[in-house]
Amino acid sequence: MMEFLWRFCVLMSTVMMVFGAGKRPNIVFILTDDQDVTMNGMTPLVNTVSLIGKQGMTFNNMFTTSPLCCPSRSSILTGNYVHNHKAYNNSISGGCSNADWQKGPEKTTFATYLRGMGYKTFFAGKYLNQYGTKDAGGVAHIPPGWDEWNGLVKNSVYYNYTLSVNGKAEEHGDDYNKDYLTDLINNRSHEFLEKQSTTTPPFFVMVSTPACHAPFDSAPQYVQNYTKNAAPRGPSFNKAGTDKHWLIRHAPNPMAKDSVTLLDDVFRKRWRTLLSVDDMVKNIVDTLDSRKLLDSTYIIFSSDNGYHLGQFSLPMDKRQLYEFDIRVPLLIRGPKIKAGSVTDYPALNIDIMPTMIQLAGDPAPKDVDGLSLVPVLIPSTTETGGLSRDCLIEHSGEYEVNGIKGCPNTEFLAQCSPDCVCEDSKNNTFSCLRHIDAKSSYTYCEMVDSESFQEYYDLIKDPHQLTNSIKSVKPPDLAAMHKKLILLQLCKGNGCRQLVPPDNVEIEGSV
Ligand SMILES: *[C@@H]1O[C@H](CO)[C@@H](O)[C@H](O)[C@H]1NC(C)=O
Ligand SMILES: *[C@@H]1O[C@H](CO)[C@@H](O)[C@H](O)[C@H]1NC(C)=O
Ligand SMILES: *[C@@H]1O[C@H](CO)[C@@H](O)[C@H](O)[C@H]1NC(C)=O
Ligand SMILES: *[C@@H]1O[C@H](CO)[C@@H](O)[C@H](O)[C@H]1NC(C)=O
Ligand SMILES: *[C@@H]1O[C@H](CO)[C@@H](O)[C@H](O)[C@H]1NC(C)=O
């Protein structure tokens, strides 16, 4: 513990030296929708990789703590696990942008912090899936912390949408030159950045693209790209998950031919939509450069959750406990971050908020579940305390009580398309312990279903999670993992981080 405190002090003084003098750095946060890393989702983003990743740090192990849009986004905004912000699914009734969220967690996000620190804040794009609906207060609701607000009403689309522009509805049709949402976000952020200079207050820009979420409308100039590509045929592609929990066993294997044709098409379309994101990233970096702001700006790039196309015979979606749905990109460039650096440190979406606050020059908030990645980004005289971390992944399965029209026997299931293959169910509800240290990497999951099903994967031996090896786990190891998982499910603030070495805290002592 002393060692940890000492490191912490050294770190804090380093941070003060780095940021103490002069103006606070600017921050730009780029968030994509449903962008995977395990199916090479970064490949189309050539500029993003060269202008952010290669100019800063790339995280090899970045996870969402919930593989679904609204829960993950709520975690990103607040720095808290789902069980603490309580946005469990994408519905109003499940906490997505609802009154409880607005009265509680939404009042303490990175936007409110940064604005409180004197930042001028700007938002454009998708916010939370229910944002702008009548039940969520309509377009008049501007989440606290934002000076300039361009919030998409509801879920990602590229055309035919309503934006809340500072509380007033702005309707958009389907004229590419006027309405294509990724380009509009690009243009509005450009206009905002054009007004900033080295003498104006520090700014925070969040741009949140519909790409590469459905309905996958690409810009007209990109519809011919990637015509020869197809979804990767990795080891789990079209493989029956016979030793996995009910939902996965339930998926027909092999997949219908139509599903395979469709998912390959979706693969190409997703990449095409990302080309417009890459144009935006280049424009943002160019604009910062021309305003002489590039050297004083942190740029963070990530996604809300991963995605799968054909893995374990599931045609297309997210919501699963496997690596393809929980791994997301994280690239960060900015002052003092070494160009071309790469880290294996396990990072979580709940770390983005405290990381931003500390990059902005204040101490990372102690009451959030996530931790600041600044010691990883800007190593001080000491190392960062190793790689070891116990992370929690939580998902509450979505379902339709009466089933899906046109698909038989789909009570308590959801997302049953294409070919009536369901990608979610009430009992696809799980908590996983995702552990990484220098020598090991594993996932241990407990399902909330009638079988209390468990899954375990040693990701060093079985990176594609082909074999559920729960039966080979020794009873004491199983008991220890179960105990850690319970602690994580109940954790709050420091209690979530104390499970994290470097100081090898006794787990019993941490609650
Ligand atoms: C936009 O809405 C119009 C009018 O309902 C419709 O004709 C058009 O197909 C829609 N465009 C897209 C891209 O969905
Ligand atoms: C974005 O700006 C470019 C360049 O000014 C313009 O050609 C394009 O039509 C704009 N797109 C949208 C959606 O506003
Ligand atoms: C997209 O396709 C066009 C036309 O074939 C090509 O010129 C362009 O280089 C492609 N862009 C990318 C990023 O692959
Ligand atoms: C979301 O969660 C709420 C509360 O548990 C539940 O009533 C609702 O049915 C869920 N929505 C879906 C689509 O599963
Ligand atoms: C999961 O839910 C489905 C739909 O209600 C049901 O048919 C199935 O038996 C359940 N399986 C388990 C293991 O709970």
Side-chain angles (χ1 to χ4, degrees), residues 40-51 66-71 74 82-83 85-101 128-130 133 135-136 154-155 182 211-212 218-229 241-251 267-283 317-321 394-405 407-417 420-430 445-455 468:
N40 308 321
M42 287 305 292
T43 303
L45 294 164
V46 173
N47 290 308
T48 307
V49 169
S50 73
L51 297 173
S66 186
L68 185 62
C69 301
C70 200
S74 305
V82 172
H83 66 266
H85 63 61
K86 300 190 190 319
Y88 292 103
N89 63 28
N90 286 343
S91 310
I92 289 277
S93 60
C96 183
S97 211
N98 72 3
D100 289 340
W101 158 263
L128 300 170
N129 300 46
Q130 298 294 333
T133 60
D135 290 338
K154 297 199 269 191
N155 201 2
T182 309
C212 49
S218 63
Q221 68 272 27
Y222 296 134
V223 290
Q224 295 301 324
N225 289 75
Y226 305 123
T227 44
K228 295 203 173 78
N229 290 71
T242 44
D243 61 4
K244 299 185 163 43
H245 61 277
W246 182 85
L247 184 72
I248 312 296
R249 297 195 309 263
H250 190 69
F267 177 84
R268 293 183 281 270
K269 285 181 166 161
R270 283 164 53 84
W271 275 23
R272 290 170 189 149
T273 67
L274 288 170
L275 292 176
S276 295
V277 175
D278 207 41
D279 291 339
M280 178 185 78
V281 170
K282 181 164 179 4
N283 193 22
D317 204 27
K318 52 260 182 175
R319 309 163 188 271
Q320 312 306 329
L321 55 87
E394 301 171 285
H395 177 65
S396 297
E398 290 195 322
Y399 56 95
E400 305 295 334
V401 180
N402 299 316
I404 313 289
K405 245 196 188 151
C407 295
N409 308 321
T410 51
E411 293 77 25
F412 296 102
L413 304 181
Q415 308 300 319
C416 304
S417 127
C420 289
V421 181
C422 301
E423 303 261 355
D424 213 350
S425 61
K426 187 171 187 181
N427 56 26
N428 182 41
T429 293
F430 56 79
C445 299
E446 297 182 356
M447 307 299 302
V448 181
D449 66 6
S450 66
E451 298 167 346
S452 299
F453 206 82
Q454 295 163 306
E455 297 190 24
N468 175 11

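These numbers come from the heavy atoms of this one structure, side chains and all, not from hydrogens, waters or symmetry mates. Numbering of ligands and ligand atoms starts at 1, following listing order. For this chain, numbers begin at 1 and follow the sequence in order.
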Check: Among Leu45, Asn225, Val223, which one has a heavy atom closest to atom 12 (C) of ligand 3?
Finding: Asn225
Notebook entry, point to check: Looking at ligand 4, does any of its N/O atoms fall within less than 3.5 Å of an N/O of Glu398?
Noted result: no
Next item on the list: Go through the steps for Glu398 and Arg319 under the test salt bridge (charged side-chain N to carboxylate O under 4.0 Å, His left out), then give the verdict.
Entry: CA-CA 9 Å; Glu398 290 195 322; Arg319 309 163 188 271; 2.9 Å; yes
Checklist line | Spacing of CD belonging to Glu400 relative to CG belonging to Asp424, to within rounding of 0.5 Å | finding: 10.0 Å
Note to self: Looking only at distances, can you tell me whether any N or O atom of Asp449, backbone or side chain, sits closer than 3.5 Å to an N or O atom of ligand 5?
What the structure shows: no
Notebook entry, point to check: Numbering the atoms of ligand 5 from 1, which are under 4.0 Å from a heavy atom of Phe412?
Noted result: 5 (O)
Notebook entry, point to check: Which of these, Ser93, Ala414, Ser396, Ala87, has its nearest heavy atom closest to atom 3 (C) of ligand 4?
Noted result: Ser93
Checklist line | Residue portion contacting ligand 5 (non-hydrogen atoms closer than 4.0 Å) for Ser450 | finding: both
Item checked: Heavy-atom nearest neighbour in the protein, as seen from atom 10 (C) of ligand 5, with distance rounded to 0.1 Å -> Asn427 ND2, 2.4 Å
Checklist line | Close-contact set for ligand 3 against Leu275 heavy atoms, below 4.0 Å | finding: 13 (C)
Check: Can a donor-acceptor pair be found between the side chains of His245 and Asn468 at a distance below 3.5 Å?
Finding: no
Check: Can you find an N or O of Glu451 that's nearer than 3.5 Å to an N or O of ligand 5?
Finding: no
Notebook entry, point to check: Is the distance between the SG atoms of Cys422 and Cys416 less than 2.5 Å?
Noted result: yes
Check: Of the protein's non-hydrogen atoms, which lies at the shortest distance from atom 9 (O) of ligand 5, and what is that distance?
Finding: Trp246 NE1, 4.1 Å
Next item on the list: Please assess Arg249 against Glu451 for the test salt bridge (charged side-chain N to carboxylate O under 4.0 Å, His left out), listing each intermediate value before the final yes or no.
Entry: CA-CA 13 Å; Arg249 297 195 309 263; Glu451 298 167 346; 3.1 Å; yes
Notebook entry, point to check: What part of Glu411, side chain from CB on, backbone N/CA/C/O, both or neither, has a heavy atom under 4.0 Å from ligand 5?
Noted result: backbone
Check: By number and element, which atoms of ligand 4 are closer than 4.0 Å to a non-hydrogen atom of Gly94?
Finding: 1 (C), 2 (O), 3 (C)
Next item on the list: Specify the protein heavy atom at minimum distance from atom 13 (C) of ligand 4: its residue, its atom name, and the distance to 0.1 Å.
Entry: Ser91 OG, 3.6 Å
Next item on the list: Using only heavy-atom distances, determine whether the side chains of Asp278 and Thr48 contain a donor-acceptor pair under 3.5 Å.
Entry: yes
Note to self: Suppose we measure from atom 2 (O) of ligand 4 to each protein heavy atom; which comes out shortest, and what is that distance?
What the structure shows: Asn89 ND2, 2.4 Å
Notebook entry, point to check: What protein heavy atom sits nearest atom 14 (O) of ligand 4, and how far off is it?
Noted result: Tyr399 N, 2.9 Å
Item checked: Residue that, paired with Gln130, satisfies side chain to side chain contact (heavy atoms under 4.5 Å, CB included) out of Asn155, Asn98, Ile92, Asp135 -> Ile92
Item checked: Under-4.0 Å heavy-atom contact between protein and atom 5 (O) of ligand 4 -> no
Next item on the list: Please say whether the positively charged group of Arg270, taken as NZ for Lys or CZ for Arg, lies over the ring of Tyr226, i.e. under 6.0 angstrom from the six-membered ring centre and within 45 degrees of the axis.
Entry: no
Notebook entry, point to check: Roughly how far apart are Leu275 CG and Ser218 OG, rounded to 0.5 Å?
Noted result: 8.5 Å
Note to self: If you count every heavy atom of other residues, nucleotides or ligands that lies below 6.0 Å from Asn409 atom CG, does the total exceed 12?
What the structure shows: no
